[in-house]
Amino acid sequence: MEAFLDPDFPLWLRATHLLNFVLMGIVLRSGWEILASLPRLWWRNDSKPGTEWIKFTRRELPKEEGVYTSLMDERSASPLLTLPGKKNIGLGRHWHGLGVTLWLINGLLYVVLLFGTGLWRRIVPTSWDVFPEAWESMRIYLGFGVPSIEHFQPYDALQMLTYTGVVFILAPLLILTGIAMSPAVRSRFPWYLKLWGGHQGARSLHFIGMVLMSIFIVMHIGLVFLVHPEYNLPHMVFGVTDTARYAQAFTIAIATIVVVIGLWIALSYLTLADRPRSQRVLVALTEPIRKVTLNWMKPRMGRQSTYTEKDISEFHWTNGLPPTKDESTEWLAHRDSGFRDWRLELGGELSGKTLQLSLGDLRQLPKTEYIAVHTCMQGWSATSKWAGVRLRDLLEVLGPPPEGANYVMITSHGLAQEMWDHRPREPFYAVLDLDTVAEDDTILAYERNGHPLEVHLGAPLRLRVESNHGYKMVKWIKSIEWITDYAAYGDGRGGTREDAAMQAFNGRI
């Protein structure tokens, strides 16, 4: 009976390993979906075309600004490979957030039990002898040999070093660099982002960590079946050292891998079967995480000294091109006249009045200026000095908020790049909640780097919401109004990118 109750491989150890395998598949496949939306990586933080250190596309980009959008660079990946696939970065990001959260909980439970039971000594070296022993194991593996079973107690020295590195170095690296890419963290603690070499440094290190983790998983699973499998598989499946159960363990292990891979693929196709439903479910599962971890973080780019004019980017990407004559002849006329007669429509039905404000009127209001890092959900970044009027100060021109005013909606002269159901394009818009409206660094920018705002970046006026990703930052603003509920506008998800790309209303991560 003792052979079937080996205490060195308890149920919790086997269960957390299996769950880790399932969750890592979700995390990696959704991460590949995110990468497919901008298949380029940089070390420099302006993401200038032609300076990538690695790319997964043959497409060459023009060097000038404002003629190419990041959505044009998006690749469509197969649902067999990514989660969910087919250019669905919004849903991929939701799956990534959910998968990472569950992976962290499972990992924390594993580490706590590892140290609580004393089993940490099996993977954490306690003697310097581990290094020469690991080198000897490496020589044997490189010679396509297998260390004798005596080297495994239950792991050999090389495995111990590898597990220690993965659990206590590689996994934390992935966590810490992932946190650095959150705009809420970046705008609250700009020094933390700079610690990793900026957004692109964090993104590139995160990618390298992903590659190393993927290699580890493949090698780990492969070696289970190649190195003394008659011991490994009974350990993993039954928690015993009874080699007589090897065939049974082998069958169960193979079947489990097949089932898990099938689950990963099924999640992709289930997600794509009804994307709006998938967005509702995934946002409902991930929004509590944002509320607990990120919503309390208020941006302070206007009060930081980490980023200075020396950090201002040479190049600035855009997502969306200026309105064409098919979208807004009105805006084109204003552009051609230098926006002399342009007016912002402020107010709306809920306010009971609408004011027409010129750029001159906006410049009469208190001016806010700061240097901030802009990040797009697809991955590119740029640093600029923005200047304009705080949204809350502008809204005060209307007087107290009207009864039932729960949100502010900002609408563009331009149209959405595409609608999720391929219907005719509608005006681009974004909705902000009252807490976001009140933030110091939520402004309407009319200047960038000391000059009037460029046409391709939103002239004459664009929204800046430093606690959120760029998809909330409307360009070529036409109107701003109080509303009661965003469910009554568009597809009811709170913005064009929420409607079309299934992003979350809360863009803080």
Side-chain angles (χ1 to χ4, degrees), residues 3 6 8-9 13-14 16-25 27-29 31-32 54 56 80-81 110 114 119-171 173-174 205 207-262 264:
D6 190 340
D8 287 336
F9 290 88
L13 182 65
R14 290 174 279 136
T16 53
H17 269 69
L18 175 59
L19 188 55
N20 187 68
F21 178 48
V22 174
L23 294 174
M24 280 305 303
V27 171
L28 289 172
R29 296 178 72 248
W32 298 337
I54 190 172
F56 302 94
L80 297 175
L81 178 65
Y110 167 77
L114 195 68
L119 292 183
W120 64 271
R121 295 180 181 86
R122 299 196 318 185
I123 67 169
V124 179
T126 57
S127 169
W128 292 108
D129 293 339
V130 70
F131 290 100
E133 292 173 1
W135 173 245
E136 182 61 26
S137 290
M138 176 69 78
R139 291 178 58 189
I140 295 173
Y141 285 122
L142 291 176
F144 298 99
V146 175
S148 64
I149 190 63
E150 289 78 16
H151 288 77
F152 298 85
Q153 298 179 0
Y155 310 120
D156 72 351
L158 185 59
Q159 284 180 307
M160 290 181 68
L161 288 179
T162 303
Y163 294 160
T164 297
V166 168
V167 174
F168 299 107
I169 298 176
L170 183 55
L173 173 69
L174 287 167
L205 289 171
F207 169 80
I208 292 171
M210 178 275 295
V211 171
L212 294 175
M213 182 65 79
S214 299
I215 292 172
F216 167 76
I217 291 172
V218 171
M219 292 184 62
H220 180 56
I221 294 175
L223 290 176
V224 165
F225 290 92
L226 295 174
V227 178
H228 301 298
E230 68 277 14
Y231 291 95
N232 286 329
L233 291 171
H235 282 161
M236 292 182 61
V237 176
F238 302 115
V240 302
T241 56
D242 186 357
T243 58
R245 303 189 69 180
Y246 164 66
Q248 186 182 11
F250 177 87
T251 302
I252 293 175
I254 293 296
T256 300
I257 292 173
V258 171
V259 168
V260 171
I261 293 175
W264 293 337

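Contact of the Leu212 side chain with the Leu173 side chain is not registered, since no non-hydrogen atoms from C-beta on lie closer than 4.5 Å. Between Arg139 and Glu136, some side-chain heavy-atom pair lies under the 4.5 Å cut-off. At a threshold of 4.5 Å between non-hydrogen side-chain atoms, the residues Tyr110 and Leu13 count as touching. By the 4.5 Å heavy-atom criterion applied to side chains, Val130 and Leu161 are counted as neighbours. Residues Met213 and Met24 are in side-chain contact: their nearest non-hydrogen atoms beyond the backbone lie under 4.5 Å apart. Residues Leu28 and Met210 have side chains in contact (heavy-atom distance under 4.5 Å, counting atoms from C-beta outward). In this structure, the side chains of Ile221 and Ile257 come closer than 4.5 Å at one or more pairs of heavy atoms. Annotation: side chain of Ile123 is in contact with side chain of Leu114 (closest heavy-atom distance under 4.5 Å).
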Margin query: Test side chain to side chain contact (heavy atoms under 4.5 Å, CB included) on Phe21 and Thr256; report intermediate values, then the result.
Written below: CA-CA 10 Å; Phe21 178 48; Thr256 300; 5.7 Å; no
Margin query: What verdict does the ring-ring contact (aromatic ring centres under 6.0 Å, His included) test give for Phe250 and Phe225, after you've listed the backbone C-alpha separation in whole Å, the side-chain angles of each residue and the deciding distance to 0.1 Å?
Written below: CA-CA 8 Å; Phe250 177 87; Phe225 290 92; 5.8 Å; yes
Checklist line | Pair Phe9-Val240, side chain to side chain contact (heavy atoms under 4.5 Å, CB included): steps then yes or no | finding: CA-CA 7 Å; Phe9 290 88; Val240 302; over 6 Å; no
Notebook entry, point to check: Val146 and Ile140: side chain to side chain contact (heavy atoms under 4.5 Å, CB included), yes or no, with the steps?
Noted result: CA-CA 6 Å; Val146 175; Ile140 295 173; 5.5 Å; no
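Of the possible donor and acceptor atoms, one in the side chain of His235 sits under 3.5 Å from a partner among the backbone N and O of Tyr231. For the pair Asp242 (side chain) and Pro234 (backbone), a donor-acceptor distance under 3.5 Å is absent. Under the 3.5 Å distance criterion, the side-chain polar atoms of Arg29 are matched with a main-chain donor or acceptor of Trp264.
Taking both residues in full, the closest heavy atoms of Glu133 and Ala157 are given as CB-CB, 3.6 Å, listed atom of the first, atom of the second, then distance. The shortest heavy-atom contact between Pro229 and Tyr246 is O-CD1, 3.4 Å.
In this structure, Met160 CE and Leu158 CG are separated by 11.0 Å, a value rounded to the nearest 0.5 Å. Rounding to the nearest 0.5 angstrom, the gap separating the CG atom in Asp156 from the CD1 atom in Ile149 is 10.0 Å. Atom CG of Leu233 and atom OG1 of Thr243 lie 12.0 Å apart (nearest 0.5 Å). One distance of note links CE of Met219 with CG of Leu223; it measures 5.5 Å at 0.5 Å rounding. If you take CG on Asn20 and CD1 on Ile217, they are separated by 7.0 Å, rounding to the nearest 0.5 Å.
Each of Trp120, Tyr155, Phe168 was checked for a ring pair (Phe, Tyr, Trp, His ring centres under 6.0 Å) with Tyr163, and the lone residue meeting it is Tyr155.
Within 6.0 Å of CE on Met236 lie no more than 12 heavy atoms contributed by other residues, nucleotides or ligands.
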